[in-house]
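Okay, structure first, notes after.
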Amino acid sequence: MVSYRTPVGVFAATAPTEAPAEPEAPTDPDAPSEPPTPSEPPAPSEPEAPFEPAAPADPHTPAEDVAVADDAEVVPTRAWWRRWTRRRQHLAVGGLFLLAALWVTSRIWLDPSGRVASLYTGDPAQVQFFLAHSVRVVLHGEYPFYTEQFNYPDGVNLMANTAVLALGIPMVPVTLLFGPAVSFVVLVTLGLTGTAMAWYLMLSRHLVRTPLAAAVGGWFCGFSPAMLSHASWHPNIISQFLLPFIVWRVLVLTRSRRPVRDGALLALLVTVQAFINEEILLFTALACGVFLLAVLAQEPVRWSAAWRPLGIGVVTCALLAGALLAYPLYVQFAGPMAYHGLSDAVKDYGNDIAAFFAPGSPTLGGNQRANINLAPNYSEENAFFGWSLSMLAIGIVVWLRRELIVRALAVTGLFFAVLSLGERVSWWDRELVSGPWQLLVHLPLLDAVVPTRFGLITSVVIGLLLALAVDRAWALRPADRRTVRTLTAAGLAFALLPIAPMPLRMVSRPPVPDFIMADRWRAYVGPDQTLVPIPVPSMGNTHGMRWAAATNLDFKIPGGYFLAPRNGNTGDAGRFGGRPSGVGQMLEEVATTGRTPKLDDRQRRRFADELRHWRAAILVLPLRQQNAEPLRRTVEDLVGPGRQELDVWVWDVRALTDRSV
C-alpha cells in the first residue's frame, strides 16, 4: 500500500500525483538520519521551529491554518481533535463505531432470546446451535468438526457448514453465562465494530494521512449496506476484522526483506480466518490477486523487484497454513457427510444491475418492497450503494485517475461487481444476457461460492476510494481551504446519508418451552436417543435447534437446518437439510396450513419406521406452536394420545422405538 512511513509492497515508489510535493528529507520520524561525513565536521544544530507547515512532524497532524496579523509573529492554531494523542483519537473513533453498532443492533439487545430477524429465522438458530457446540468442544472435549447432536443419526459435517469455531470458542464464557442468543448479538455487534476499526487502523497507518479519511473508509467498510444486510443473519460474514491485516501482509510480501517470516505471519492469519469463514478468505485471496495483476499490468517493471519475496512468502504461507488446515480440510471435503458444490438454486444467486443504484433495505433511504426483485433475498443485499454514492465513486476514479492505486482499485471493484451479477445479467428483474460467472461456476472451490457475495469486495473497494478522496481533498492547498473541506464534507453527507444504517428489523419469536428449560425432558431421553420437536426441525422450522442450543446440546434432535449431500450420500452435491422425511414434510405442511390429513396404516407404519431410525424417545409439541391443535390431532392419529406437561404436549414413544422389542 502507499505508505508514508515505510516503503511497503508494490507501492514503495508511488506518490499521490495530486498531493503537494514531498520534501527530500525522510518523512518517517523513526527513520535514522545520515551521519555527517568524516571530512566535514557536523554543523551545530539549531533549535527546531515550533511550527513548520510544509513538513509536519507527525503525519496524523498535518499543518494547520495560522493566524497572521501585521507586525505579529505567526502563531499556530490547532483544532482540539489534533491536540489529542493518536491513542485518544483511535479510542474516540472506536467508541463511535461501537455506538453505531449498538444502534444497528438495538432492537435485538432489548430481548436477545425473544427477538429475531423478520425473515429467514433459520440462520440465527443455526449460529446459536454452533455456539453451543463450541461450549461442548471446550468443556467436554467433543470432536469439533462433526456432530450427531442434530440430523441424528447421520450427523452434520461442521467444517462444511461454517461452524465459526474461531468465534464460538472465545465466546464460550458468554454462552455459558447468558446463553447462545446473547452470544449471537454480541458477535454481531463486535463484528461490525471490529471490522470498521480494523480498516480504520490499517488505513490510518499505511494509506492515508488524515484521521478523518481513515475514519470514513473504516466506517464504510464496517457499515456498508452489504454488511448491514448480513448482520441480522450471518455474524461469520460480517466478522471481517482480520481481512485488513491479511491484505496488508500480502502487500508487505511484495517488498519484504524477510519473506519467510512474513509468510509465516500471513499463514497464521489465514488459518484463523478459515475457522471464521472460508468463503470470505477465498474472496480476499481473489481480490488481492486481481489487484496485484492490475498494478503489474500498468507498471510491469515492478514485477522484477516483487516476484522473489512474494513467491517465497506465498509458498511459506501455503506450506504452513496447509499443514495447520490439512486435517480440517480433509474432513470438510472427504469426511462423513461431505458434499461437493452447492445446489443450483444458490449458485444462481446474483445481483441485479439496478441493485447497485438502490439504497439497501436496512438503511435510512431503503425500502424492502422496492428491493424485492433486485437481490436473491434480504439477507443477500450485497450491493445497494444508492445513486449518489455510485456517482461519487465514479467521480473519485475520474478525479484521481492519475494515481496507480486508484486505477488498480477501480479495476478490482468493477471486476467483482460484474462477477456478482451471476450467471444471468438482469436489469430490474429483466434478463439481458448471460454473465461471465457462467464460465466459472463449475471450477473447483468456485462451485461452492454464492456469486452475489462478490459485491462485498466492491464494497471494500468503495470504502478505500472514499478514504483516498477525503485524504487528497484535505491535502489540497488552495486559497480557501475551509471552503474545500466544507464542500468535501457536504459531498460525503450527500452520498452516505441515504445509506446511513438503521436498527435492524426484528420480530418476536416463541420462547424456549419451560419443559425444556426446567430439564423435564431428562426423565425420558437417554444418551443415544432423540427428542423430536413437532414439527420436525428443517430449514423452515428451526425452533427445535434453539431448544437444543439452550441446553448446550444435551439432547439430540433429528433433522435441522444445515448443508449436507443429497440423500445423505457423502460426495454428492449439497442441499439444505438431510435425508427427505415424508412424515416431516407432512407435519410441516400441517403447521403451515392448519389442515389435518387423512392417514392410513401405511403412513402410520412409515412414521414408526422413521421414529425407530431416529431412536426417538419423546415427541414434543409446544402449546404456543402455530396450528398446535391440528398438529396434536395428526400426531395422535399416528402414535396415539399424548399428555400435557407444563407448556407442551408429550408423546412417550420409547416402547415403539425400542429395538429390543
Side-chain angles (χ1 to χ4, degrees), residues 1-3 6-12 144-145 159-160 162 164-167 169 194-195 198-199 201-203 205-207 236-237 239-296 302-334 405 408-409 412 416 443-446 448-449 454 456-457 460-461 464:
M1 290 185 174
V2 179
S3 176
T6 54
V8 174
V10 294
F11 303 108
F145 307 135
M159 277 302 299
T162 315
V164 295
L165 291 170
L167 301 177
I169 290 177
T195 300
W199 279 110
L201 292 174
M202 288 299 101
L203 290 173
R205 183 166 181 82
H206 296 289
L207 188 63
N236 56 313
I237 290 180
S239 296
Q240 300 179 15
F241 40 79
L242 291 183
L243 302 193
F245 301 97
I246 292 175
V247 173
W248 170 48
R249 299 312 304 178
V250 169
L251 296 179
V252 163
L253 284 176
T254 61
R255 193 68 66 86
S256 174
R257 295 182 179 180
R258 289 185 281 184
V260 174
R261 183 206 63 176
D262 292 333
L265 292 175
L266 178 61
L268 296 178
L269 293 172
V270 166
T271 302
V272 177
Q273 178 60 40
F275 288 107
I276 296 177
N277 188 280
E278 292 177 337
E279 188 178 35
I280 296 299
L281 177 61
L282 177 61
F283 287 170
T284 306
L286 293 174
C288 288
V290 172
F291 179 79
L292 290 175
L293 289 175
V295 171
L296 296 176
R302 297 178 182 271
W303 178 246
S304 60
W307 75 269
R308 185 181 299 275
L310 181 62
I312 295 174
V314 169
V315 170
T316 302
C317 174
L319 291 176
L320 181 55
L324 294 173
L325 294 172
Y327 180 70
L329 292 179
Y330 166 78
V331 174
Q332 177 176 346
F333 293 105
I405 185 174
L409 285 173
T412 305
F416 288 105
L443 295 178
L445 296 183
L446 295 184
V449 166
F454 282 120
L456 292 166
I457 301 176
V460 172
V461 168
L464 299 181

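Residues Leu266 and Val314 are not in side-chain contact: their nearest non-hydrogen atoms beyond the backbone lie 4.5 Å or more apart. No side-chain heavy atom of Leu281 sits under 4.5 Å from any side-chain heavy atom of Ile276. Phe416 has its side chain out of reach of Leu456: every pair of non-hydrogen atoms, C-beta onward, lies at least 4.5 Å apart. Looking at Trp199 and Val460, their side chains come closer than 4.5 Å, going by heavy atoms from C-beta outward. Under the 4.5 Å side-chain criterion, counting only non-hydrogen atoms from C-beta, Met202 is not in contact with Leu207. Within the 4.5 Å cutoff, no side-chain heavy atoms of Glu278 are placed close to those of Thr162.
Counted within 6.0 Å of CZ on Arg258, heavy atoms from surrounding residues, nucleotides or ligands total 12 or fewer; the atom is thus considered open.
Residue Val295 comes nearest to Ala408 through the heavy atom pair CG2-CB, 3.7 Å, listed as atom of the first residue, atom of the second, then distance. Minimum interatomic distance between Thr316 and Gly263 (heavy atoms only, all atoms of both residues): CG2-C, 4.1 Å.
Within the 3.5 Å criterion, the main-chain N or O of Asn236 finds no donor-acceptor partner in the side chain of Ser239.
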Atom pairs and distances, side-chain donor-acceptor, residues 283-291, under 3.5 Å, sequence neighbours left out:
| unit_1 | atom_1 | unit_2 | atom_2 | d |
| --- | --- | --- | --- | --- |
| Thr284 | OG1 | Ile280 | O | 2.8 |

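In this view, Phe275 satisfies the ring pair (Phe, Tyr, Trp, His ring centres under 6.0 Å) rule with no residue, not counting sequence neighbours. Annotation: side-chain contact (heavy atoms from CB on, under 4.5 Å) contacts of Val315 (sequence neighbours excluded): Leu319.
For the atom pair Asp262 CG and Ile312 CD1, the distance stands at 11.0 Å (nearest 0.5 Å).
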